[in-house]
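Below: one structure, written as structure tokens.
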Amino acid sequence: MTNTKNGGFMSDELDRVAGNGLINRRHLLKVGLGGLGTALATNTFGADAGGKLQIPQWSQQPGPGTSSYGSPSSFTGHLQRSAGTPNPIYPGGGASRSPLQHLQGTITPNSLHFERHHSGVPAVDPAQHKLVINGLVDQPLMFSYEDLLKYPMVSKIYFLECSGNSGTLYGNTPADGSAQSIHGLVSCAEWTGIPLSTLLDEAGVKTEAKWIAAVGADGASMGRSVPLAKALDDVMVALYQNGEPIRPEQGYPMRLFVPGWEGNISVKWLTQLKLTREASQFRDETSKYTDTMTDRRSLQFTFPMGTKSLITSPSGQMSLPHKGVYKVTGIAWSGAGSIRRVEVSADGGRSWADAMIESHQSDKALARFSIPWQWDGGDGILQSRATDSAGNIQPSRDAHLAERGLISFYHYHGIQSWGINTEGEIKNVYT
Amino acid sequence: MFTLKTLKFCFALISAVFLSLPASQAQTVRLGQAISESQLSNFDLVAGPDGSGFPAGSGTAKAGKAVFDSKCAACHAANGEGVSGNTKLVGGDIHSEGNPLRTVGSYWPYASTLFDFIRRAMPANAPKSLSGEEVYQVTAYLLFLNDIIDEEEILNKESLTEVQMPNKDGFVDLSHLH
């Protein structure tokens, strides 16, 4: 293989698998990443230094020693949530988004997990916090945090996505945004906790009970109704996130975790589970988190998150520094199961090639995909399309809008299009 | 020395212990402390559309205006006109052209939700600071501002669940799908 400035490959040697430069996914395995370009938001990689390689300065002196709580490298300071500005009329309210374009693998570091609060993060003292189970049960019960830690637990990797994620794409004009600003309300972690069925069994659920009102201990006392069947299936009272006690922003000391469903129902700072006959019709399952169709009827309890994928690099607001081969990578997930397949297109959906799945493909978790792509300096539109284990295929934006209408703003999961111009600039576009 | 015989014996013993446990006893941790519903009367604030969970007391819109003006109008403006998209509490028409304005009057299917939400989450800068009486009053006021009840109508546990919201038939419950 001849090395060229063109990203390390002679373009005619590449095994093309779809239009506009998509290359067989196995090429990455064969050649490693050495010859690949990386899309950058600002800087370009030092192209042709020449000269001798020297021992760096940090190899000539000892560094600082151990620390009691680790922090990221000072060179990765750009990995930040977009926290927004405080709003005095909405104290503690708002959302922060994960920097998806800078992350790899499938696990979101706890400090970068997206947030959505309705009344800020309460300072819950675990020694005083109580979890109550009441309503239609044989015996109402109260659990302390310390006692809950003694129960057998399960650990599962699950994504969490706010149902408002990507909602800007319902708009008529494509927002000039990044993977983070458009899609950053999705994250993924290993959640460890007690199967809710264990605690319900202890209280004894009466046969009339069909729903559970879950209530948080924040200022808003966030409330959501969970159908009993789901609660008994895979819902847990989560106490740990990626091995450490759940972060305050995620519900410390405990949250409900409802796999695959819109994030808001995984009630944080969980303090009450009330068994009821009917749904409680909380404000956040009537006024909000309902989907109005074009005929003006609103769909209620549209819980599962759709089959979805997204190219995180290269992505919106990045630029390609030179022609050559790039690694196209992204994430895929589904509320209905695991990810079976991700296809990528570089010509706006005219032709597709299978991407390689780099990660585990577990139930209701993020999966990571990649495919090499030769950018020849022309226009292009990068897209990805996921298929899940239930056979659901991610719809195009048009197909999604045809189903959901234009006055809905939750549960967007249409195909994302990143347009590339001849300058290598990447923008969110509609096709 | 550990012979094959002792090993076999140990194995038999271990499996006897485990296999003899009935499924119900395998889950032995039961640490919940019993508590009664009356002990939860200040703690359980869930008020549902079936009338469950509402406190005693009552209120009228007339009385609610004063509460609203002093404790809500800073963020929701006079008469609930709102200072931003999500603080507008009145007006709107779900059948209007384009993206309809969704408010208590144009969108909410149940009046119980209003009481439930205000009691637990509002005012946003001092949640749960209203008395039960004040919550009834201000709920009545918002229903009045949306032309749903009269200014003098007494709202209490019973009458609140009977309030007919304009968009009550506007929802399709998809919970059976899950």
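Numbered from 1 within each chain, the chains take letters A, B, ... in sequence-line order. All figures in this text were calculated on a predicted structure; none of them were measured in a lab.
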If you take all heavy atoms of [X] and [Y], which pair is closest and at what distance?
{"X": "A/F282", "Y": "B/V46", "value": "CZ-CG1, 3.9 Å"}
{"X": "B/K128", "Y": "A/G219", "value": "NZ-O, 2.8 Å"}
{"X": "A/A220", "Y": "B/A121", "value": "O-CB, 3.6 Å"}
{"X": "B/G32", "Y": "A/E202", "value": "N-OE2, 2.6 Å"}

Taking the side chain as every heavy atom from C-beta outward, state whether [X] and [Y] have any pair of such atoms under 4.5 Å apart.
{"X": "B/Q33", "Y": "A/D147", "answer": "yes"}
{"X": "B/D50", "Y": "A/E278", "answer": "no"}
{"X": "A/M293", "Y": "B/V172", "answer": "no"}

**Message:** Tell me whether A/R296 contacts the main-chain N or O of B/H95 through its side chain, where contact means a donor paired with an acceptor under 3.5 Å.
**Reply:**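 Not at all, since once roles are kept as given, no pair shorter than 3.5 Å links the two residues.
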**Gap between atom CG of B/D173 and atom CD of A/Q281 - 0.5 Å precision** =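 Answer rounded to 0.5 Å: 7.5 Å.
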**Asked** Can you tell me how far the OG atom of A/S221 sits from the CZ atom of B/F117, to the nearest 0.5 Å?
**Response**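 Answer for the OG-CZ pair, A/S221 versus B/F117, is 10.0 Å.
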**Prompt:** Does B/D44 pair with A/K274 as a salt bridge, N-O distance under 4.0 Å?
**Reply:**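 Yes, B/D44 and A/K274 are salt-bridged.
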**Request:** Dump the intermediate steps for side chain to side chain contact (heavy atoms under 4.5 Å, CB included) on A/R283 and B/W108, then the final yes or no.
**Result:** CA-CA 8 Å; A/R283 178 258 187 176; B/W108 291 37; 3.7 Å; yes
**Asked** Do you know which of A/L406, A/T292, A/I407 makes side chain to side chain contact (heavy atoms under 4.5 Å, CB included) with B/N99?
**Response**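 Only match with B/N99 under side chain to side chain contact (heavy atoms under 4.5 Å, CB included): A/I407.
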**Request:** Check the pair A/Y90, B/S84 against side chain to side chain contact (heavy atoms under 4.5 Å, CB included), reporting the backbone distance first and the verdict last.
**Result:** CA-CA 11 Å; A/Y90 195 7; B/S84 65; over 6 Å; no
